[in-house]
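Report on the following structure.
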Amino acid sequence: MIFRTVISACAFVLLPAIALADPTGSYKVAGTSEDGSKYQGTVKVLRNGETYIVDWMIGKNESIGTGLGAKFSGDRFEMGPASDEDTAISVGYVSKENFGIAMYFEQPDGSWQGVWTYGGSEKVSSEIWTRE
């Protein structure tokens, strides 16, 4: 009986964290560009087979990306096909003006925090996604 209670308690604690791991969904975006200017917008993340489609709208500017999934497995980081267990995604994207790369990690509060840069840049910018 005690064993069942302990298992149930562990499941109760772990299930919310597991449920939040899936990066798919709609988010509000807040970021800082390399010049220090702030921006806001939206991003949608959809699973597309073994990859993610990531679609940003910042003002009237759209960027489209393809992402790969990643998660911790034991004591190591495991990269691979998109999964509802992913706690990180890596994205290559294109916009009207340029191309770039980005990396995002799930935070304890369920938001996703990341960094990005574009082709030819020497700087890194930051971004936070908060579920809508």
Side-chain angles (χ1 to χ4, degrees):
M1 182 68 170
I2 292 174
F3 180 72
R4 268 194 243 164
T5 304
V6 170
I7 296 298
S8 295
C10 289
F12 181 74
V13 170
L14 293 175
L15 283 176
I18 292 169
L20 292 174
D22 187 358
T24 60
S26 297
Y27 300 86
K28 292 181 183 178
V29 174
T32 304
S33 296
E34 69 173 8
D35 64 2
S37 63
K38 306 282 185 191
Y39 63 88
Q40 294 183 345
T42 61
V43 65
K44 291 182 182 171
V45 181
L46 305 169
R47 196 165 299 115
N48 183 33
E50 294 186 342
T51 66
Y52 293 102
I53 297 172
V54 183
D55 186 3
W56 288 266
M57 282 301 296
I58 309 298
K60 294 183 179 181
N61 298 319
E62 182 178 31
S63 297
I64 304 286
T66 298
L68 302 172
K71 64 185 175 222
F72 279 105
S73 180
D75 62 348
R76 50 178 232 148
F77 205 60
E78 183 179 292
M79 295 167 276
S83 161
D84 60 2
E85 297 175 3
D86 287 335
T87 57
I89 59 174
S90 177
V91 183
Y93 69 89
V94 295
S95 67
K96 187 175 182 181
E97 295 85 27
N98 214 330
F99 65 94
I101 59 172
M103 185 75 185
Y104 298 89
F105 291 90
E106 183 186 31
Q107 302 302 302
D109 67 358
S111 66
W112 289 73
Q113 186 172 358
V115 293
W116 60 272
T117 190
Y118 59 87
S121 178
E122 295 179 349
K123 296 191 177 191
V124 175
S125 300
S126 62
E127 195 168 83
I128 297 174
W129 300 352
T130 306
R131 286 195 191 271
E132 290 189 309

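Since this is a predicted model, take the numbers as computed values, not measurements.
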Within the side chain of [X], is there an N or O that forms a donor-acceptor pair under 3.5 Å with the backbone of [Y]?
X: T51; Y: N48; result: yes
X: S90; Y: M103; result: no
X: Y52; Y: S83; result: yes
X: D86; Y: A70; result: yes
X: T117; Y: K123; result: yes

Looking only at heavy atoms, what is the nearest atom pair of [X] and [Y], with distance?
X: G65; Y: V91; answer: CA-CG1, 3.8 Å
X: E132; Y: Y27; answer: CG-C, 3.7 Å
X: Q40; Y: I58; answer: O-CG2, 3.7 Å
X: Y39; Y: S33; answer: CD2-OG, 3.5 Å
X: T24; Y: R131; answer: O-NH1, 2.9 Å

If you define the side chain from C-beta out and look only at heavy atoms, does anything of W56 sit under 4.5 Å from N61? no
Could you please spell out the steps behind the side chain to side chain contact (heavy atoms under 4.5 Å, CB included) verdict for W112 and V43? CA-CA 11 Å; W112 289 73; V43 65; over 6 Å; no
Count the heavy atoms of every other residue, nucleotide or ligand shown that sit under 6.0 Å from CD1 of I101, and state whether that count exceeds 12. no
D22/R47 ion pair, N-O < 4.0 Å: yes
